[in-house]
Amino acid sequence: MDGPVRSRPASLSDFQFGAVATETIEDALLHLVQQNEQNMQEAAGRMGSFRETRIVEFVFLLSEQWCLEKSVSYQAVEILERFMIKQAENMYRQATIQLREKKEPQNWKALKEQLFNKFILRLVSCVQLASKLSFHYKIISNITVLNFLQSLGYVHTKEELLESELDVLKSLNFQINLSTPLPYVEMLLEVLGYNGCLVPATRLHATCLTLLDLVYLLREPIYESLLRASIENPIPSQLQGEKFVSVKEDFMLLAVGIIAASAFIQNHECWSQVVGHLQSITGIALESIAEFSYAILTHSVGANTPRRQQPVLPHLEARALRAAASSNT
């Protein structure tokens, strides 16, 4: 347990679909819908974003090196994102109080350097915490983490490592079992299997994981193109961008876009059927599903995307995708 973790992660072939009772699936899907709505509401006033490509890539590569499951890497990104936003909000709150009370301002340059110097430690702590949440026997040990940090030139003690984990936990009020898009994707694949989807869920699952990685890595350009398409304007206003934040946190919308894009890659002749099933399951408009899958595919496979081959009726209203970003006032 103290040495580097080199065992293989769970294989894609380990996943089984169609083994869960329909009543259980219905309850789980309802729970995800409620959870998604709550997450979107909470995201409305959130500051900034720390899912930058280099950060996400670092987490993914580290998770791969430590042979962690995909779910761990996604959750580590979400924990880090939420923690860093809390840090930014706290800094803003402190500055606001100091200005209001006319107190001597803190040395923000020194504080920024302190946050910068501890960022890799915080990132690794988030990966380690996510590994503990996976209920997996391959929890990353402190020695493995310390050896990795030392290989990068960062020298820390076990006490500092534990303090870093505790800082993350306290900052998030110990609520680190955060939502990720993966359960939404896998639950919808389960339902598609019961609904008689022509493309096998196991084949879609492997492609979905690849595209989900891609969306995490190319988050900004994908969502930027999605925003421009939803408002039919190449230059969104600041307000439109702010209103679009909740759409970026809509994991159900992301899941249907991922699955639709995967279905097009696997068998484009079945794309319309898959999208129809997804619309009936989630209530998300066909246009929204098509726009999202189009955005994903144009950043992955390029031409011959579903929007070009499968035009959607223009009178169909998009869900929050278009409504949330359409107002300039």
Side-chain angles (χ1 to χ4, degrees), residues 25-46 49-51 56 59-60 69-82 85 126 130 133-134 172 175-192 201 204-205 207-220 222-227 230 243-263 274-275 277-285 288-296 299 318-325:
I25 294 176
E26 291 174 359
D27 292 341
L29 184 59
L30 178 61
H31 172 72
L32 287 177
V33 170
Q34 295 171 343
Q35 187 181 63
N36 190 54
E37 293 296 332
Q38 181 180 347
N39 291 340
M40 290 172 61
Q41 292 175 4
E42 293 175 353
R46 199 173 293 161
S49 175
F50 292 87
R51 298 192 190 99
V56 172
V59 173
F60 283 3
E69 297 176 355
K70 284 286 188 181
S71 60
V72 176
S73 60
Y74 301 141
Q75 192 147 54
V77 171
E78 299 301 328
I79 293 173
L80 180 64
E81 156 86 355
R82 197 69 59 88
I85 287 176
C126 291
L133 284 173
S134 68
L172 300 179
Q175 303 298 317
I176 61 170
N177 192 14
L178 304 176
S179 299
T180 75
L182 183 59
Y184 294 83
V185 170
E186 293 181 339
M187 180 56 61
L188 291 176
L189 288 176
E190 187 75 47
V191 178
L192 283 175
L204 285 175
H205 185 261
T207 308
C208 283
L209 289 180
T210 300
L211 291 184
L212 187 53
D213 282 356
L214 178 72
V215 173
Y216 264 100
L217 290 166
L218 299 178
R219 176 181 173 82
E220 285 307 313
I222 288 176
Y223 277 101
E224 189 66 27
S225 63
L226 195 62
L227 172 57
S230 67
K243 287 179 175 290
F244 202 70
V245 170
S246 60
V247 177
K248 290 183 176 181
E249 300 301 321
D250 189 344
F251 287 166
M252 190 66 77
L253 177 62
L254 172 57
V256 296
I258 290 285
I259 295 173
S262 300
V274 173
V275 171
H277 280 310
L278 292 172
Q279 190 276 331
S280 64
I281 294 167
T282 64
I284 298 175
S288 293
I289 301 174
E291 289 285 3
F292 211 141
S293 60
Y294 174 77
I296 294 171
H299 285 83
R319 192 176 175 243
L321 175 62
R322 190 174 298 277

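Everything numeric in this text was worked out from a predicted model, so none of it was measured.
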At what distance, to the nearest 0.5 angstrom, does [atom1] of [X] lie from [atom2] of [Y]?
X: Asn36; Y: Gln41; atom1: CG; atom2: CD; result: 10.0 Å
X: Glu249; Y: Ser179; atom1: CD; atom2: OG; result: 10.0 Å
X: Asp250; Y: Glu37; atom1: CG; atom2: CD; result: 7.0 Å
X: Gln34; Y: Asn39; atom1: CD; atom2: CG; result: 12.0 Å
X: Arg219; Y: Glu81; atom1: CZ; atom2: CD; result: 6.5 Å
X: Ile258; Y: Leu182; atom1: CD1; atom2: CG; result: 10.5 Å

Where do [X] and [Y] come nearest, in terms of heavy atoms and distance?
X: Leu189; Y: His205; result: CD1-CA, 3.8 Å
X: Ala261; Y: Ser293; result: N-CB, 3.8 Å
X: Ala255; Y: Tyr184; result: CB-CB, 3.7 Å

Atom pairs and distances, donor-acceptor, side-chain atoms in residues 72-80, under 3.5 Å, two or more places apart:
| from | atom 1 | to | atom 2 | distance (Å) |
| --- | --- | --- | --- | --- |
| Ser73 | OG | Lys70 | O | 2.7 |
| Tyr74 | OH | Asp213 | OD1 | 2.7 |
| Gln75 | NE2 | Asn177 | OD1 | 3.1 |
| Gln75 | NE2 | Leu178 | O | 2.8 |
| Glu78 | OE1 | Arg51 | NH2 | 2.8 |
| Glu78 | OE2 | Arg51 | NE | 3.4 |
| Glu78 | OE2 | Tyr216 | OH | 2.7 |

* Structure fact -> Partner of Leu254 under side-chain contact (heavy atoms from CB on, under 4.5 Å), picked from Ile222, Val215, Val185, is Val215
Quick one: does [X]'s side chain get under 4.5 Å of [Y]'s, heavy atoms only?
X: Thr180; Y: Ser71; value: no
X: Phe244; Y: Leu226; value: yes
X: Cys208; Y: Ile259; value: yes
X: Met252; Y: Leu188; value: yes
X: Ile284; Y: Leu278; value: no

* Partners meeting side chain to side chain donor-acceptor pair (under 3.5 Å) with Thr207 (sequence neighbours left out) -> Gln266
* Partners of Gln38 by side chain to side chain donor-acceptor pair (under 3.5 Å), sequence neighbours excluded? ->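 With neighbours one apart ignored, the set is Glu42.
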* Structure fact -> Sequence neighbours excluded, the answer for side-chain contact (heavy atoms from CB on, under 4.5 Å) partners of Gln279 is Leu286, Ile289
* **By side-chain contact (heavy atoms from CB on, under 4.5 Å) - contacts of Leu214 (at least two apart)** => Leu211, Leu218, Ser300
* To do: Output all residues satisfying salt bridge (charged side-chain N to carboxylate O under 4.0 Å, His left out) with Asp27, sequence neighbours left out; order by chain, then residue number.
  =>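 Asp27: no salt bridge (charged side-chain N to carboxylate O under 4.0 Å, His left out) contacts found.
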* With sequence neighbours excluded, what pairs up with Glu220 under the salt bridge (charged side-chain N to carboxylate O under 4.0 Å, His left out) test? -> Lys248
* Checking side-chain contact (heavy atoms from CB on, under 4.5 Å) for the pair Ile85/Phe50: CA distance, chi angles, key distance, verdict? -> CA-CA 7 Å; Ile85 287 176; Phe50 292 87; 3.9 Å; yes
